[in-house]
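All chains are named by letter (A, B, ...) in the order of the sequence lines, taking the proteins before the strands, and each is independently numbered beginning at 1.
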Amino acid sequence: MKKDIILAGVGGQGILTIATIIGTAALSEGLQLKQAEVHGMSQRGGDVQSHLRLSSSMIASDLIPEGKADMIISVEPMESLRYVNMLNRESGWLATSINPFNNMANYPDLEDILSDIWKLPNYVTLDANRIAKDLGSVRAANIVVLGAASPYLDIKYKSLEKAIDTIFGRKGEDMVKLNLKALKAGRDYAEKHSRN
Amino acid sequence: MQNLLLLGDEAIAQGAIDAGISGVYAYPGTPSTEITEYIQASKDAQQRGIRSMWSANEKTAMETAIGMSYAGKKSLVCMKHVGLNVAADAFINSAITGANGGLVVLSADDPSMHSSQNEQDSRFYGKFSLIPVMEPSNQQEAYDMTRYAFELSEKFEIPVLLRVTTRLAHSRAGVKRLGMASENELHLPSNLRQFVLLPAIARVQYNQLLDKQNAIEEDGITSGYNRYIDADNKSLGIIACGLGYNYLIENFEGGKVPYPVLKISQYPAPRAMIQKLYDSVDEILILEEGYPILEELLRGYLNLDKKVLGRMSGDIPRAGELNPNIVAKALGMEIARGFDTAATVKPRPPQLCDGCGHWDSFGALNEALKPYSGGRVLSDIGCYTLSALPPLQSINSCVDMGASITMAIGASEAGLVPAVAAIGDSTFTHSGMTGLLDAVNRKAKITVIINDNSTTGMTGGQDSSAFGKVEDICRGLGVEEEHLKIMKPLRRNFEENVKIISKELEYDGVSVIVSRRECVQTLARRMKLKHLKKTDA
């Protein structure tokens, strides 16, 4: 098993939380992992990405080679497109929220962004903010996106649930419940609406 | 044996704790910050009472570590690559004093300049000061080699430089932890003049350092951290340093490279191993994450002998970090291509946070400077450096820590009056105070704005050495009371703040304006903690 995942977003949007959940789940299944993060200047509202590599055998590079990523998981639509050069042309999946994080002067039209995403062979796009808000907090939007990506991760759904329980347990039962619901809502959406 | 999932930085921190350090000394700097933070949060470190408070700058950190080594205990000192420039005086001389307790200097380089103003290669410093350099290629090696660096330091009685780069520092992987070695007892050097670098003593010590060089190089053969991996295809030999090895392996199924490979993780690179490779292959490719240091040595100045490929030959780009694709290209291998990046994607540079006080400080400064011609603001290193970008476009320089004040002095003496220096509170106590003393002594016609957000913001909100001390320091350095002003950078204070700045711009001497409001990030964190405590109770 090998899964190379690019996580994308804007500094402060919580992509590292997604990475931690996938990472914890992967370890519980006995997989090896490497995860390159971005710290420092870019975290101040700039574009950030993380390379998360999972494998049943030894992983050499901390960085994913171009054109070899199996997935892009993004919490921002324009940011999801920034890394399509990394995506495997045949089998790569892209999962992203359609909620723009507009902290720039020349943010493109959302329609243009979506039409570019929808040209890709395999994708799932969803209004993660609305789904998360309906569940109780827009802050769970990143977990909704993770749920939408989960059918293509080759990680057992149960393992992801357990990881959420471990990671959010510290913050109380309500947080765990909210994020489990967010995961499920994203998963359900993807199973109904993803395109390939 | 315990299995941990650690950043490269954290693996180094755990390795140092387990090597039995009694202190870590550091100033925050990306990508090295997490080492000290990990030790500060470690229960084992707390139980042992390992000292881990932030130092005012890298030089004070380095000197404190040398002091601990003098007293016989093991210490780690951490910094980013440019921090080693600040600490260089102490660092280079520590090779001459030698170490008593184990002394390991960690320098985290930032090729591609993700968060830095240059991409200098710290391995040069190791060669320059004649001490061993360790360059781990993965998180496990980061842990193991940190422990080994302490052994090496005590074996040869010299400091050891541990060099990592951003990708390892900030990448996570599984690490097997070994047991904890004990701390050293307090014990002074047997020769109490070992650390007295009077010329007569320094000459002796320097010769001792030179005498150790062969044994140090020999250790690079026996330690196991430099490995010769033979293969049948001798048309090419590859020397892969540090992370370069991973990118090489990545390109071959099952990690089996058809060419002989020399993996280098400990310097000075052993000549015997390089000779063996050189003699058995037609051409040599050198993969270095950083400057072409080995490549230049191997090519020689005139490049007359065997073909050496690398950054200098153009087979690998001269600047920037390596990655699997760059290495594949250098090997003439085919590269997978993803999709073309759409034109809809626009750059998203970092920027000041919403509600950050720097918006208001620089907004007011821009207004106050309107009557003057542009290009008057010499600035410094911190979040506020982002005020160079639109929409503020306030500042005209960022060179090194503390340079704002001293550059403003120079510019004002060239006739640029008024000249403004903009510096942060932590940068001020790092390297701005001595510059301000210069300014006062010379009666420089400058206005210094100290943007005091009460933290070291850019690196994630570490304690600032300046906390609660800024005005007293300024007074102590001789800034006149009537030209030491405080303002609160808030939108509603805009007009008042413009007035304060405008008035000081007209003063024919040194003015200091402390623009003080807590960093919105640390404020939010503090409020969250307060809330958590309340709900716990």
Self-check item: Engaged part of A:N103 at the chain B interface, taking heavy atoms whose separation is under 4.5 Å
Solution: both
Quiz item: Any ion pair linking A:E37 and B:R167 (charged N to carboxylate O, less than 4.0 Å)?
Solution: no
Quiz item: Are A:S61 and B:Y245 close enough that some pair of their side-chain heavy atoms sits under 4.5 Å apart?
Solution: no
Exercise. Would you indicate whether the side-chain heavy atoms of B:N323 and A:E66 approach each other to under 4.5 Å?
Key: no
Practice problem: Would you mind reporting whether B:D340 and A:N85 have side-chain heavy atoms less than 4.5 Å apart? | Solution: no
Exercise. Below 4.5 Å from any heavy atom of chain B, which atoms of A:V48 appear? Answer side chain, backbone, both or neither.
Key: neither
Quiz item: Are any of the side-chain heavy atoms of B:R348 and A:Y107 separated by less than 4.5 Å?
Solution: yes
Quiz prompt | Exam field: side chain B:R337 to backbone A:G67, donor-acceptor pair closer than 3.5 Å | solution = no
Quiz prompt | Side-chain heavy atoms of B:P324 within contact of A:L63, under 4.5 Å | solution = yes
Quiz item: If you measure from the Lys or Arg side-chain nitrogens to the Asp or Glu carboxylate oxygens, is any gap between A:R53 and B:E250 under 4.0 Å?
Solution: yes
Quiz item: Are any of the side-chain heavy atoms of B:H114 and A:V38 separated by less than 4.5 Å?
Solution: no
Exercise. Side-chain contact test, heavy atoms from C-beta onward, threshold under 4.5 Å: evaluate it for B:T341 versus A:L81 and give yes or no.
Key: no
Quiz prompt | Working for side-chain hydrogen bond (donor to acceptor under 3.5 Å, both in side chains), residues A:D116 and B:T344 | solution = CA-CA 8 Å; A:D116 279 335; B:T344 29; 2.5 Å; yes
Quiz item: Any side-chain heavy atom of B:K346 sitting closer than 4.5 Å to one from A:M104?
Solution: yes
